[in-house]
Amino acid sequence: MSSAKVIKKGLHDWRTVTGKHGDLLKAQAPLLGASAFALIFEIGFALLAPWPVKFIFDGLLIPENSKTLPFIDPQWPAQEPVQFLAFVSLAVLLIAVGQGIAGYARTVTSAVAGQRMIMKLRKRVYSHLLLLSLKFHRDQKLGDLLVRITGDVPMLRDVLSTELVDFAGRVVQALATLALMGMIDWQLSLVSLVVLLLIAVLSRIFSVKITKVAKKQREHEGDIAFTTGEGLSSLKLIKSLGREDEVVRKFARKNRSSLRQGVKATRLQAALSRWTELIFAGGLSLVLLAGAYRVFSDSGMTPGDLLVFISYVRSLQKPLRKAARLSGKIGKAAACADRISEILTIHPEEKDDPNAEEAPQLQGQIRFENVSFSYHASPEAIEGRSGETGSKANRTVFEGLNLEITSGEHVVLTGPNGAGKSTLTALLLRLYEPETGQISIDGIPIKNWTIRSMREQLSIVLQESFILSGTVREHLQFHKPEASDEQMIEALRRARCDFIIDDPDGLDREMTEGGQDLSGGEKRRLTLSTALLRDSSIVILDEPTTAIDPESRRQIQQMLTEDFVGKTLLIITHDEDLERCFNSRIEMQDGKISRRILPGAPGGVS
């Protein structure tokens, strides 16, 4: 790769990191500015550090060179050597203290700025993920999304805050050092400048390779996170089938893939560091030989000047090493920035119409008019499914569906798996948007309202009992934040949650993650209490009596017939006993209504 392409790639990586998230830098400009200000003092003290050595050599050890010492009387070192030594020792101490204080201030301010940036960026990515549609999440691996939040974001933090200020300071320090070296001996400075250019080009060449490897490694780490989550969430099934070894082998394969990429990246970084040190050592040896020659040839360079010059050359090693390491980090950060931007650049499909209004108090009449809908997989998801045809990836669910449900009607949705029952309710909640046709509530198209105001008046209880960790009060307030203790107790009573009401802690009872300390029936009744608490005009229940004991099933059947009177109730179920509790039924088959049984019409209406 040519030098021009290398430099262009380096600039592209840097723009990728700072350009896509530059607003975070602007928000923390005061702290980063304070860090840069402290860094200027730190660099100044670092540049002063070698000069006491020159004062000792050219002032005391070689008195004839005392005339080359700046800012002091040339006779002072010979006339009062003790006082002169005390002065030089004090200068060494003050330089060290000043450099330490400035370095501490720089580190703290840049770290605080970095922590604030990671907080905002994590929130930005997480909130954007929540806004993206179910279509997006259906085609993504959860583990990979978690890695982008917990792994990719911290990588950007290090580069955007600490490394950014530090690297900028090292560049300034290197330029200032070169300027001082030029003042001491410009010919020797040319040798050092050539070394700098060689190392800069070398860093960019390796950075290109590191970026590619880093992106692959992050993808493999996403696969590891997904495999880990899948295994832990299915632990009961894995243990029951005795498949621990198979699951471990699957994890090991993913782990080895990540290991290979990690080792490859480490080798590249190690090779970059070794080449940097080798080139620097060669440059230093040339400077040392040429400098000694110039001292002996009466060129005007004193031994003290040579020591200061060598000290400056050696001090360049630190920023050069830093630049080499940062080159690899920028490459990794560019890969992370791309992965984060892949998420942030996706426009949410759930959007309010420009003229959308707040939804009024809903009565519960529902109508589907000529509604068509298909599941469209993303191109990335289709590519990841080997052998899958386009017709399978893009599955039509509804085509010209018409349905009307009156206000206060209790309807049972039945049919085989894949018939479209859950999709029907998802369209009503606007989790998906129909391709053609219109869905209305109380005669008004639901697109005329803001999504949030409409969903606030609908309640849904999913087939999987969703229980938040924390107290019962926190779980219930998640569904209705403004609910009072009296309202929560009443909802629990109506849901037959005696196990909560009779508990000494009551609403303050702590629940484990996913409600693992509750039985299946208890979890189902607790989730149903949230629908009663919200008191919505439209309630959707997905398999409310599945996988629970007969007594809990009886209590839930009684609750549904007695406590949801006046509400429009949509119940998805395969439970024949529950079906017989209601007179209104919709039987679905292949996305079509094969049979519609209305109250008062036992024979049904096809």
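The structure displayed is predicted, hence computed values, not measured ones.
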Subject >> Ser407 side chain to Gln363 side chain, donor-acceptor N/O pair below 3.5 angstrom >> reply: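 Side chains of Ser407 and Gln363: no pair found under 3.5 Å.
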
Would you indicate whether [X], at its atom [atom1], is surrounded by more than 12 heavy atoms from other residues, nucleotides or ligands within a distance under 6.0 Å?
X: Glu433; atom1: CD; value: yes
X: Tyr126; atom1: OH; value: no
X: Glu576; atom1: CD; value: no

Determine whether [X] and [Y] make a side-chain contact, defined as any pair of heavy atoms from C-beta on separated by less than 4.5 Å.
X: Glu399; Y: Asp590; result: no
X: Thr471; Y: Leu507; result: no
X: Leu428; Y: Leu458; result: yes
X: Leu578; Y: Ile556; result: no
X: Asp508; Y: Arg473; result: yes
X: Arg253; Y: Lys250; result: yes
X: Asp575; Y: Gln557; result: yes
X: Val461; Y: Pro544; result: no

Would you confirm whether [X], through its side chain, and [Y], through its main-chain N or O, come within 3.5 Å as a donor-acceptor pair?
X: Gln438; Y: Pro445; result: no
X: His574; Y: Pro416; result: no
X: Ser459; Y: Val539; result: no
X: Asp442; Y: Gln365; result: yes
X: Ser529; Y: Ala495; result: no
X: Ser372; Y: Gly400; result: yes
X: Thr512; Y: Asp517; result: yes
X: Asp503; Y: Asp505; result: yes
X: Arg367; Y: Thr406; result: no
X: Asp352; Y: Ile451; result: yes

What's the spacing between [X] [atom1] and [Y] [atom2] if we round to 0.5 Å?
X: Glu490; Y: Ile501; atom1: CD; atom2: CD1; answer: 8.5 Å
X: Ile586; Y: Ile405; atom1: CD1; atom2: CD1; answer: 4.5 Å
X: Glu409; Y: Ile538; atom1: CD; atom2: CD1; answer: 12.0 Å
X: His410; Y: Thr561; atom1: NE2; atom2: OG1; answer: 9.0 Å
X: Leu533; Y: Gln477; atom1: CG; atom2: CD; answer: 9.0 Å
X: Glu369; Y: Ile439; atom1: CD; atom2: CD1; answer: 10.0 Å

**OP:** Tell me, with the steps shown, if Arg496 and Asp563 meet salt bridge (Lys or Arg N to Asp or Glu O under 4.0 Å).
**Re:** CA-CA 11 Å; Arg496 284 71 171 171; Asp563 293 281; 2.7 Å; yes

Original post:
Stepwise, does the side chain to side chain donor-acceptor pair (under 3.5 Å) test hold for Ser584 with Arg596?
Top reply: CA-CA 8 Å; Ser584 182; Arg596 175 78 158 99; 3.0 Å; yes

Original post:
Between Arg525 and Glu522, is there a side-chain N and carboxylate O pair less than 4.0 Å apart?
Top reply: no

Subject >> Basic-acidic side-chain contact under 4.0 Å: Lys421, Asp542 >> reply: no

Might you point out which heavy atoms bring [X] and [Y] nearest each other, and give the distance in Å?
X: His479; Y: His475; answer: CD2-O, 3.1 Å
X: Leu560; Y: Leu569; answer: O-CD2, 4.2 Å
X: Ala113; Y: Gln28; answer: O-CG, 3.9 Å
X: Ile593; Y: Asn402; answer: CD1-O, 3.6 Å
X: Ser453; Y: Ala359; answer: OG-N, 3.0 Å
X: Lys120; Y: Ala27; answer: NZ-CB, 3.8 Å

Original post:
How far apart are the C-alpha atoms of Met511 and Leu526, what are their side-chain angles, what is the distance that settles it, and do they pass the side-chain contact (heavy atoms from CB on, under 4.5 Å) test?
Top reply: CA-CA 12 Å; Met511 296 184 297; Leu526 181 57; 3.6 Å; yes

**OP:** Test Leu31 against Arg116 for side-chain contact (heavy atoms from CB on, under 4.5 Å), laying out the working first.
**Re:** CA-CA 10 Å; Leu31 276 175; Arg116 289 182 179 178; 3.4 Å; yes

Original post:
Under 30°, 30 to 60°, or over 60°: which ring-plane class applies to Tyr375 and Tyr432, parallel, tilted or perpendicular?
Top reply: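 Geometry flag for Tyr432 against Tyr375: perpendicular rings.
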
**OP:** Evaluate the criterion side-chain contact (heavy atoms from CB on, under 4.5 Å) for residue pair Leu424 and Val371; output intermediate values, then yes/no.
**Re:** CA-CA 10 Å; Leu424 186 76; Val371 170; over 6 Å; no

**OP:** For the pair Lys447 and Arg430, evaluate side-chain contact (heavy atoms from CB on, under 4.5 Å) and give the outcome as yes or no after the intermediate values.
**Re:** CA-CA 9 Å; Lys447 275 197 166 187; Arg430 292 192 67 183; 4.0 Å; yes

